[in-house]
> 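Quick one: structure below, then a few questions.
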Amino acid sequence: MPEQTTNRPKTPLLDQINRPADLKSLSDSQLAQVANELRSETISAVSTTGGHLGAGLGVVELTVALHAVFDTPRDKLVWDVSHQCYPHKILTERRDRIRSLRMKDGLSGFTKRSESPYDPFGAAHSSTSISAALGFSVARDLGGVVPEGLGDGIAVIGDGSMSAGMAFEAMNNAGHLGKRLFVILNDNEMSIAPPVGALSSYLSRLYAEEPFQELKAAAKGAVSLLPEPFREGAKRAKDMLKGMTVGGTLFESLGFSYIGPIDGHDLSQLLPVLRTVKTRATGPVLIHVLTKKGKGYAPAEAARDKGHATAKFDVVTGVQKKTPSNAPSYTGVFGDELVKLAAKDDKICAVTAAMPDGTGLNLFAERYPSRCFDVGIAEQHGVTFSAALAAGGMKPFCAMYSTFLQRGYDQVVHDVAIQRLPVRFAIDRAGLVGADGATHAGSFDIGFMTNLPSMVVMAAADEAELVHMVATAAAHNDGPIAFRYPRGEGEGVEMPDEPQVLEIGKGRMIQSGSRVALLSFGTRLGEVRKAAEALSAKGITPTIADARFAKPLDREMILDLAANHEALITIEEGAVGGFGSHVSQLLADEGVFDRGLKYRSMVLPDIFIDQASPADMYKVAGMDAAQIEAKVLDVLGVATIGEKRA
């Protein structure tokens with residue numbers, strides 16, 4: 001496309017780099033030039049695609065240094081979360097496709113094994129990298145065989161991700177095994193939201209005096225690894241850090257040699273340290289690198305989130321090119337409604353896991369800071385913390401993305417459901433989410449929540465319904481309750497003046513018809529209505545109902561629909577085993593199938609769907625209006641015109 005070739009930065013040296021091995025012939029000063037050009041190319045690419053900008057800009061020099069020193073893809077470079085991997089993709093034979101990032105049939109916005117051998121381990125959720133790098137290291141020592149070979153395991157993990165328990169589980173195991181392994185702690189004081197918790201304070205204390213600016217390395221316990229010119233600096237750092245009672249002691253107690261902190265934007269520090277540890281390390285080493293998210297691009301550096309996730313933008317000004325919205329976002333509706341309810345009820349509080357903005361709780365945090373808790377990247381803790389808040393007489397709303405809630409599922413079962421504690425789960429990013437792809441698609445929460453005794457599960461068909469469901473959850477004190485809603489803007493419906501507390505387990509009729517009933521759960525209702533309009537032109541008027549609840553089901557409404565129609569079709573934005581499965585169980589238990597009802601359940605297919613627009617993804621899933629219409633015609637035995645001709 002012509003617009004993609006205009007205003008491209010000049011990158012004469014980067015143009016000569018086709019793969020990481022090409023970096024090895026360059027001088028250190030040339031590597032610094034590559035880094036500068038790589039930063040410009042990353043900014044240019046993301047300006048045309050949108051995506052995660054700040055994280056990648058923060059690791060440009062680190063990316064160049066790692067690829068220049070280590071031997072990828074033989075050495076396994078594992079990026080934690082991997083939203084910072086755009087510069088890595090440019091250097092690893094994918095520059096020609098970098099402007100297809102996060103698009104249909106384009107490059108993933110995260111590392112992905114099926115995309116490149118330079119992505120040895122896929123990611124998108126946090127705190128998995130150390131476990132993966134350790135697994136590669138052990139596989140190497142056990143004689144594992146992969147096409148690219150098995151060299152060193154290298155994990156690059158941010159300070160926000162390091163706060164999660166899984167990172168420490170991996171560190172503890174790695175220290176115990178004593179395998180040669182490199183962990184790069186990319187400390188930018190910024191995960192998505194500013195990091196919270198004691199670990200962040202610990203890391204901040206490590207360099208409160210900013211010793212890295214005058215020292216090339218601080219290596220308490222790891223001085224012997226360093227070349228001669230470094231040792232004097234290391235000794236000075238060691239003396240300084242002794243007085244701070246920190247200085248890597250936490251990591252060393254886990255069995256790691258600790259080096260740092262060093263300036264992650266200074267190749268004259270990064271390159272010698274990486275070359276030294278590559279040559280001399282025998283066990284696990286942690287290198288503490290200080291970076292700045294959004295580094296080198298003023299609009300990102302100035303942004304509160306340092307350019308975490310952006311729409312397409314103007315490179316010169318940084319102004320994002322967002323399409324004007326005709327309706328409020330579901331996330332915004334949830335956040336606004338919760339603030340209104342909290343004004344009337346001082347027992348309402350909110351819990352999120354490092355996503356206050358993403359879950360719409362930023363306004364709540366500003367208005368009621370003492371009742372809003374960002375627990376960091378710690379979903380397990382967040383769920384159990386919410387359970388005890390409920391046990392203590394509070395009304396906690398645990399707001400997490402569907403796919404992130406997966407990380408706390410044992411706690412949902414063990415700490416919430418079994419104890420029937422009234423935790424309110426606000427499940428954002430339900431269904432297919434678009435550019436973030438399969439790793440962020442909320443496909444499974446209907447199934448894993450409805451399977452739990454005592455759990456109430458709702459799905460909003462539109463933004464007005466979401467208002468009612470937030471109020472319903474606030475009023476529900478008899479056990480846990482969950483409501484799900486998608487990413488993006490609503491349907492543009494009229495918003496209620498006052499929220500209505502819904503009767504638990506009661507759906508609503510949308511339109512009466514005959515022959516076939518369409519029972520929708522969630523926001524596919526809009527597509528169901530479009531399908532019904534098309535069907536009416538063919539002389540078929542379906543009945544439409546909005547289930548509202550997947551648990552408990554509206555038995556009376558469902559059995560009535562089954563009794564008065566030839567066919568019943570359920571539609572949901574979730575995998576098999578969810579709403580439709582519960583409906584079919586009810587129908588089977590009641591003997592409805594014995595009387596000849598034609599039943600179909602439209603669910604997400606048994607595949608992981610790659611990134612595209614949500615509309616394209618639902619088309620792949622077979623769940624848009626045209627496909628709902630075709631399903632109705634098929635179940636009623638009405639052939640389409642094309643089929644008749646065939």
Side-chain angles (χ1 to χ4, degrees), residues 20 55-56 58-59 61-67 69-85 87-89 92 110-113 116-141 144 146 148 150-188 191 199 203 222 248 250-252 254-262 264 270 273-274 277-278 281-291 377:
V59 296
E61 287 81 10
L62 181 60
T63 302
V64 170
L66 286 168
H67 279 300
V69 171
F70 289 94
D71 301 309
T72 57
R74 181 177 179 273
D75 290 333
K76 306 307 177 190
L77 178 56
V78 183
W79 296 94
D80 205 273
V81 183
S82 76
H83 60 316
Q84 75 281 60
C85 72
H88 159 80
K89 293 200 175 196
T92 53
F110 304 101
T111 52
K112 191 172 184 179
R113 277 175 55 82
S116 170
Y118 291 97
D119 294 356
F121 204 82
H125 295 192
S126 89
S127 315
T128 62
S129 60
I130 304 174
S131 301
L134 178 60
F136 281 122
S137 299
V138 171
R140 170 197 66 206
D141 294 348
V146 297
E148 298 79 31
L150 278 169
D152 284 316
I154 308 132
V156 182
I157 182 168
D159 52 307
S161 296
M162 187 65 97
S163 69
M166 185 176 172
F168 282 95
E169 293 167 17
M171 293 273 288
N172 190 48
N173 190 208
H176 170 71
L177 291 174
K179 300 289 185 185
R180 175 178 158 112
L181 167 75
F182 301 103
V183 175
I184 314 292
L185 173 55
N186 173 37
D187 185 357
N188 57 32
S191 46
L199 179 69
L203 294 175
L250 172 65
F251 305 114
E252 289 179 339
L254 291 169
F256 275 71
S257 296
Y258 172 88
I259 299 175
I262 62 173
L270 285 171
V273 169
L274 292 176
V277 296
K278 183 177 189 292
T282 54
V285 178
L286 183 134
I287 303 168
H288 186 178
V289 172
L290 304 183
T291 62
I377 302 175

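These numbers come from the heavy atoms of this one structure, side chains and all, not from hydrogens, waters or symmetry mates. Note that the structure is predicted; figures quoted are calculated from it, not measured. Residues take their numbers from the sequence shown, with the count starting at 1.
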> H88 and side-chain hydrogen bond (donor to acceptor under 3.5 Å, both in side chains): which partner among D119, T63, T111?
D119

> Can you find a pair of side-chain heavy atoms, one from L181 and one from F256, that are under 4.5 Å apart?
yes

> Are M171 and I157 close enough that some pair of their side-chain heavy atoms sits under 4.5 Å apart?
no

> Decide yes or no for Q84 and S82: does some side-chain heavy atom of the first lie under 4.5 Å from some side-chain heavy atom of the second?
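Yes, at least one pair of side-chain atoms sits under 4.5 Å.
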
> Taking the side chain as everything from C-beta on, heavy atoms only, tell me whether S129 gets closer than 4.5 Å to V156.
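S129 vs V156: side chains apart.
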
> Measure from the side-chain N and O atoms of N186 to the backbone N and O of L290, and report whether any donor-acceptor pair falls under 3.5 Å.
no

> For F182, what residues pass the ring-ring contact (aromatic ring centres under 6.0 Å, His included) criterion, not counting sequence neighbours?
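ring-ring contact (aromatic ring centres under 6.0 Å, His included) list for F182, sorted by chain: F70.
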
> Quickly, which of N188, I262, I259, L185 forms a side-chain contact (heavy atoms from CB on, under 4.5 Å) with V289? Name it, please.
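The option that passes is I262.
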
> Report yes if some heavy atom in the side chain of M162 is under 4.5 Å from a heavy atom in the side chain of I130; otherwise report no.
yes

> State the CZ-NZ distance between F136 and K179, to the nearest 0.5 angstrom.
15.5 Å

> Who pairs with T72 by side chain to side chain donor-acceptor pair (under 3.5 Å), at least two apart in sequence or on another chain?
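Result, side chain to side chain donor-acceptor pair (under 3.5 Å) vs T72: H67.
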
> Where do E148 and P73 come nearest, in terms of heavy atoms and distance?
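Smallest interatomic distance, heavy atoms only, reads CG-CG, 3.7 Å.
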
> To the nearest 0.5 Å, tell me how far L286 CG sits from S257 OG.
9.5 Å

> Taking ring-ring contact (aromatic ring centres under 6.0 Å, His included) as the definition, give me every residue that meets it alongside Y118, ordered by chain and number, with sequence neighbours left out.
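Scan of Y118 (ring-ring contact (aromatic ring centres under 6.0 Å, His included), adjacent residues dropped) gives none.
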
> Enter the distance from L66:CG to I184:CD1 here, rounded to the nearest 0.5 Å.
5.5 Å

> Hey, what do you get for CD1 (I287) to CG (L62), rounding to the nearest 0.5 Å?
9.0 Å

> Below 4.5 Å, heavy atoms only, C-beta onward: do S161 and V81 meet side chain to side chain?
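Contact flag for S161/V81 side chains = yes.
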
> Please report the interatomic distance CH2(W79) to CD1(I154), rounded to the nearest 0.5 Å.
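The CH2 atom of W79 sits 10.0 Å away from the CD1 atom of I154.
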
> Could you label the plane-to-plane angle of the H288 and F251 rings as parallel, tilted or perpendicular, counting under 30° as parallel and over 60° as perpendicular?
perpendicular

> On a heavy-atom basis, which atom in G255 and which in P284 lie closest, and how many Å separate them?
O-CG, 3.4 Å

> Would you name the heavy atoms of G122 and R113 that are closest together and state the gap between them?
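Of all heavy-atom pairs spanning G122 and R113, the closest is N-CG, 4.0 Å.
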
> Mind checking side chain to side chain contact (heavy atoms under 4.5 Å, CB included) for D71 and listing every partner two or more places apart, or none if nothing turns up?
K24, D75, K278

> Ignoring hydrogens, what is the shortest heavy-atom contact between L150 and G144? Give both atom names and the distance.
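It is CD1-O, 3.3 Å.
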
> Output yes when a side-chain donor or acceptor of R180 lies under 3.5 Å from a complementary backbone atom of A281, and no otherwise.
yes

> So do the side chains of K76 and R140 get within less than 4.5 Å of each other, counting heavy atoms only?
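No, side chains not in contact.
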
> Give me each pair satisfying salt bridge (charged side-chain N to carboxylate O under 4.0 Å, His left out) with a member in residues 161-176, each pair once, sequence neighbours excluded.
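The answer is none; no pair qualifies.
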
> On a heavy-atom basis, which atom in G264 and which in E61 lie closest, and how many Å separate them?
O-CB, 3.5 Å

> For the atom pair CG (L254) and NE2 (H176), what is the distance rounded to the nearest 0.5 Å?
13.0 Å

> Residues two or more places apart in sequence or in another chain: which of them pass side chain to side chain contact (heavy atoms under 4.5 Å, CB included) with A65?
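Testing A65 for side chain to side chain contact (heavy atoms under 4.5 Å, CB included), a comparison that skips the adjacent residues, returns L267, L270, L271, L274.
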
